[in-house]
Amino acid sequence: MEDSGTNAMIQLRNSVEKSGFSTQNCSDATMMRFLIARSMDVSKASKMFVQWRKWRDAMVPKGFIAESEVEDELKAKKIFLQGLSISQLPVMIVLANRHFHAKDQLQFKKFLVHLLDKVIASGCKGKEIGNEKWIAIVDLRQISYKNIDPRGLITGFQFLQNYYPERLGKCFILNMPWFFVSVWRMVSRFVDSATLKNISIVSNEEERRIMIEEVGEEVLPDEYGGKAKFIALQDVLLPHLHD
């Protein structure tokens, strides 16, 4: 299996290079993420990689999105970066009742890049390996209809699937109200099976206990059974991940 994986990686690099894009700065772990996301199909993985590279060059020409470009989204203080889980994965918390429909869709998309890049950077020990994953906790407590943003949710999942393949380790959804169930059913139709299997809707005490054990009390805020305080995304200082 190891030899077949190595051969697939060599074929993928050759295919991407023939398309006019360099893979010199991409680790084997990065290339393998694209292969895994496309079930080790070299042709499909190559197409996905090239599409990602074109998107990245257009969306993030400087190699990173600065806070100054996403100030309106950061102002809401809806995202928190808590540190590393028991299994050493970055833990991100989303307070959905602080999210509203974005008036500026481009800024919202840049915010997603800023957020996801920073989560990845928080899991790197000095230098990105290429296969880093993270844990997300989405808290739907006290949301109302004005917080429901199907377009934003779909965009977020599309970014994950198309541009950050094999990055989501686990997503726990907490406190889902009855009126959000139909929204989730609609949104989940746009989520691929590989991503869906990593999403857990926490609906009882046993599932909450499993979440606490998997994430760890040291990084979970006390609202979720942990010992930590919320740490806003913008309060975490990290070097930018450059392409």
Side-chain angles (χ1 to χ4, degrees), residues 51-84 89-124 126-128 132-165 167-169 171-175 180 183 187 190 219-221 223-224 228-243:
Q51 288 175 337
W52 163 71
R53 192 67 265 174
K54 289 178 179 178
W55 168 83
R56 187 82 189 180
D57 290 345
M59 177 64 77
V60 199
K62 294 186 297 185
F64 66 93
I65 301 292
E67 287 190 3
S68 59
E69 298 179 68
V70 292
E71 286 181 344
D72 290 343
E73 293 290 337
L74 285 170
K75 203 178 297 180
K77 284 199 172 183
K78 56 189 172 184
I79 307 291
F80 301 84
L81 197 50
Q82 296 297 120
L84 302 180
L89 302 184
V91 177
M92 172 185 75
I93 298 176
V94 182
L95 296 186
N97 65 351
R98 298 185 182 182
H99 174 77
F100 301 94
H101 291 265
K103 296 177 181 178
D104 184 339
Q105 283 297 313
L106 178 57
Q107 182 178 161
F108 177 68
K109 290 177 180 178
K110 286 185 175 183
F111 176 67
L112 289 176
V113 175
H114 173 82
L115 162 64
L116 296 175
D117 283 1
K118 194 165 184 176
V119 174
I120 294 168
S122 74
C124 296
K127 183 174 173 57
E128 182 184 3
E132 293 85 356
K133 295 178 183 286
W134 69 80
I135 294 173
I137 297 172
V138 181
D139 189 354
L140 302 178
R141 183 182 344 202
Q142 296 181 341
I143 65 167
S144 64
Y145 287 104
K146 62 185 178 182
N147 303 121
I148 295 176
D149 182 11
R151 179 181 181 182
L153 273 171
I154 292 168
T155 299
F157 280 117
Q158 286 177 336
F159 270 38
L160 274 178
Q161 293 166 182
N162 297 332
Y163 310 129
Y164 294 85
R167 288 294 201 184
L168 180 64
C171 176
F172 296 98
I173 300 178
L174 310 181
N175 304 309
F180 192 82
V183 177
V187 169
F190 295 88
V219 295
L220 274 174
E223 286 88 338
Y224 309 126
K229 301 297 183 183
F230 283 100
I231 305 171
L233 178 69
Q234 54 267 52
D235 293 338
V236 179
L237 301 179
L238 294 166
H240 292 297
L241 278 184
H242 288 267
D243 291 342

Q: Determine whether Asn175 and Phe180 make a side-chain contact, defined as any pair of heavy atoms from C-beta on separated by less than 4.5 Å.
A: no
Q) Do the non-hydrogen side-chain atoms of Trp134 and Leu116 ever get within less than 4.5 Å of each other? A) yes
Q: Of all the heavy-atom pairs spanning Pro221 and Ile93, show the shortest one and how long it is.
A: CD-CD1, 3.5 Å
(Q) Could you work out, with side-chain contact (heavy atoms from CB on, under 4.5 Å) as the rule, every residue matching Lys54, not counting sequence neighbours? (A) Phe21, Val50
Q | From Ile148 atom CD1 to His99 atom NE2, the distance as rounded to the nearest 0.5 Å | A | 10.5 Å
**Q.** Residue pair Ile137 / Leu220, side-chain heavy-atom distance below 4.5 Å
**A.** yes
Q: List for me each residue that meets salt bridge (Lys or Arg N to Asp or Glu O under 4.0 Å) alongside Glu69, sequence neighbours excluded, and say none if there are none.
A: Lys62, Lys110
Q) Looking at residues at least two apart in the chain, or sitting in another chain, which of them share a side chain to side chain donor-acceptor pair (under 3.5 Å) with Ser144? A) Asn147
Q: Sequence neighbours left out, what passes salt bridge (Lys or Arg N to Asp or Glu O under 4.0 Å) with Glu67? Give chain and number order.
A: Lys118
Q) Taking C-beta and beyond as the side chain, do Leu81 and Ile231 meet within less than 4.5 Å on heavy atoms? A) no
Q | Separation of Leu174 CG from Glu223 CD (nearest 0.5 Å) | A | 11.5 Å
Q.
Is there a side-chain contact between Ile135 and Cys171 in this structure, where contact means two heavy atoms from C-beta onward sitting under 4.5 Å apart?
A. no
Q. Do Ile173 and Leu140 come close enough that some side-chain heavy atom pair is under 4.5 Å?
A. yes
Q. Quick one: salt bridge (Lys or Arg N to Asp or Glu O under 4.0 Å) pairs with a partner in residues 135-151, sequence neighbours left out?
A. Asp139-Arg141
Q: Using the test side-chain contact (heavy atoms from CB on, under 4.5 Å), find all partners of Gln142 that sit at least two apart in sequence or belong to another chain.
A: Asn97
Q | Heavy-atom pair with the smallest gap, counting every atom of Ala136 and Leu168 | A | CB-CD1, 4.4 Å
Q.
So which atom in Glu132 and which in Gly123 form the shortest heavy-atom distance, rounded to 0.1 Å?
A. CG-O, 4.3 Å
**Q.** Partners meeting side-chain contact (heavy atoms from CB on, under 4.5 Å) with Leu112 (sequence neighbours left out)
**A.** Phe108, Thr155, Phe159
Q | Verdict with reasoning, Leu233 to Phe111, per side-chain contact (heavy atoms from CB on, under 4.5 Å) | A | CA-CA 11 Å; Leu233 178 69; Phe111 176 67; 4.2 Å; yes
Q) To the nearest 0.5 Å, how far apart are CD in Gln51 and CH2 in Trp55? A) 12.5 Å
Q | Trp52 side, atom CH2; Asp57 side, atom CG - distance, nearest 0.5 Å | A | 8.5 Å
**Q.** Set of residues satisfying salt bridge (Lys or Arg N to Asp or Glu O under 4.0 Å) with respect to Asp104, sequence neighbours excluded
**A.** none
**Q.** Gap between atom CG of Asp117 and atom OG of Ser122 - 0.5 Å precision
**A.** 11.0 Å
Q) Are side-chain heavy atoms of Gln161 and Phe190 found at a separation under 4.5 Å? A) no
Q) Which residues pass the salt bridge (Lys or Arg N to Asp or Glu O under 4.0 Å) test with Lys109, sequence neighbours left out? A) none
(Q) Distance check, rounded to the nearest 0.5 Å: Lys77 atom NZ versus Phe230 atom CZ? (A) 12.5 Å
Q) Is any side-chain heavy atom of Met92 closer than 4.5 Å to a side-chain heavy atom of Leu115? A) yes
**Q.** side-chain contact (heavy atoms from CB on, under 4.5 Å) partners for Val219, two or more places apart
**A.** Gln82, Val91, Val215
Q | Heavy-atom closest pair, residues Ala102 and Glu73 | A | CB-OE2, 3.7 Å
